[in-house]
Colleague: 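Got a structure for you, questions after.
Here, residue 1 is the first one in the sequence, and each next residue gets the next number.
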Amino acid sequence: ANSAFAQQLGHQARRVPNMTLRVLESGTSKKAPSLLPIYRLVGTKPIVILYWKPKDQKSETEIRALQALQGLPAYKGKVHFLTAVKAAKPAEEKAAIARARELKVPFRVVLDKNQIAPYIEAFWQFPRYGLIDKKGMVRVWHCASLGETVGPGFTFMSALKLAIAGKPV
């Protein structure tokens, strides 16, 4: 993939590029999508992003898992929870917004205009999680579930707990 974001992803931590995302505030919002500069999120809290595919059973199961996690006291208000969905074409955007609203996705929904999607589609299946620390460094990428092992004795969730505590991931 040739996108700015995809070039930043890899096994080593890399800084998230300064970019503006097109977002639907949530699946319960009736407002039109708006623009959100990523720098407004970086530096405040860790960011968990779930890249999902509409009408994909595994993706929609992970949306529910992320929703449950967001409501737990250990995470509530301590993490920016985002989802992202491919929306490179007007028809894809319309379908993504409709599905997010059907599911009542409680998070911001990034409408990806090929910033991330080509990278994921080329190498992995959906869904995929990523973790960006408070400093804007991509720490974990391409996990299929919250409980996935990302290293010996190390899971996505243990990485998230370290990031929330401000410790190195």
Colleague: For the residue pair Leu162 and Pro168, what are the closest heavy atoms and their distance?
Modeller: CD1-O, 3.7 Å

Colleague: Quick one: CD1 on Ile38 to CG on Leu82, what's the gap to the nearest 0.5 Å?
Modeller: 6.5 Å

Colleague: Is the backbone of Lys76 close enough, under 3.5 Å, to the side chain of Gln70 for a donor and an acceptor to pair up by distance?
Modeller: no

Colleague: Taking atom CH2 of Trp141 and atom CD1 of Ile132, what is their separation to the nearest 0.5 Å?
Modeller: 6.5 Å

Colleague: Name the one of Leu160, Leu131, Leu69 that satisfies side-chain contact (heavy atoms from CB on, under 4.5 Å) with Val79?
Modeller: Leu160

Colleague: Do you know the tightest heavy-atom contact between Ile49 and Ala84?
Modeller: CD1-CB, 3.9 Å

Colleague: Can you confirm whether Glu25 sits close enough to Arg108 that some side-chain heavy atom of one is under 4.5 Å from a side-chain heavy atom of the other?
Modeller: yes

Colleague: I'd like a table of donor-acceptor pairs (distance under 3.5 Å, sequence neighbours excluded) in which one partner is a side-chain atom from residues 144-154, with atom names and distances.
Modeller:
| unit_1 | atom_1 | unit_2 | atom_2 | d |
| --- | --- | --- | --- | --- |
| Ser145 | OG | Glu148 | N | 3.4 |
| Glu148 | OE1 | Ala144 | N | 2.5 |

Colleague: According to ring pair (Phe, Tyr, Trp, His ring centres under 6.0 Å), who are the partners of Phe156, at least two apart in sequence or on a separate chain?
Modeller: Tyr129

Colleague: Is there a side-chain contact between Trp52 and Ile63 in this structure, where contact means two heavy atoms from C-beta onward sitting under 4.5 Å apart?
Modeller: yes

Colleague: Hey, any chance Val109 and Leu35 share a hydrophobic cluster, counting ILVMFWY side chains that come within less than 4.5 Å of each other, even indirectly?
Modeller: no

Colleague: Nearest 0.5 Å, please: how far is CD in Gln67 from CG in Leu103?
Modeller: 9.5 Å

Colleague: Can we say Asp133 and Arg139 salt-bridge, meaning some charged N sits less than 4.0 Å from an Asp/Glu carboxylate O?
Modeller: yes

Colleague: Are Val85 and Leu111 close enough, and set up right, to give a side-chain contact (heavy atoms from CB on, under 4.5 Å), and what steps lead you there?
Modeller: CA-CA 6 Å; Val85 64; Leu111 301 167; 4.0 Å; yes

Colleague: Specify the closest pair of heavy atoms between Leu24 and Ala100, including all atoms of both residues, with the distance to one decimal.
Modeller: CD2-CB, 4.2 Å

Colleague: Could Glu93 and Arg22 be called an ion pair, given the rule that one side-chain N must be under 4.0 Å from one carboxylate O?
Modeller: yes

Colleague: In the structure I gave you, are the side-chain heavy atoms of Asp112 and Tyr51 within less than 4.5 Å of one another anywhere?
Modeller: yes

Colleague: Between Lys78 and Pro46, what is the shortest heavy-atom contact and its length?
Modeller: O-CD, 3.4 Å

Colleague: Rounded at 0.5 Å granularity, tell me how far CZ in Arg99 sits from CD1 in Ile97.
Modeller: 14.5 Å

Colleague: Could you grab the distance from atom NE2 of His80 to atom CG of Leu36, nearest 0.5 Å is fine?
Modeller: 9.0 Å

Colleague: Would the distance check show the side chain of Glu92 and the main-chain N or O of Ala88 forming a donor-acceptor pair, the cut-off being under 3.5 Å?
Modeller: yes

Colleague: Output yes when a side-chain donor or acceptor of Lys45 lies under 3.5 Å from a complementary backbone atom of Gly77, and no otherwise.
Modeller: yes

Colleague: Using modelled atom types only, decide if a donor and an acceptor are shared between the side chain of Arg15 and the backbone of Lys135 within a distance under 3.5 Å.
Modeller: yes

Colleague: Which pairs pass side chain to side chain donor-acceptor pair (under 3.5 Å) with one or both residues in residues 27-40, sequence neighbours excluded?
Modeller: Ser26-Thr28

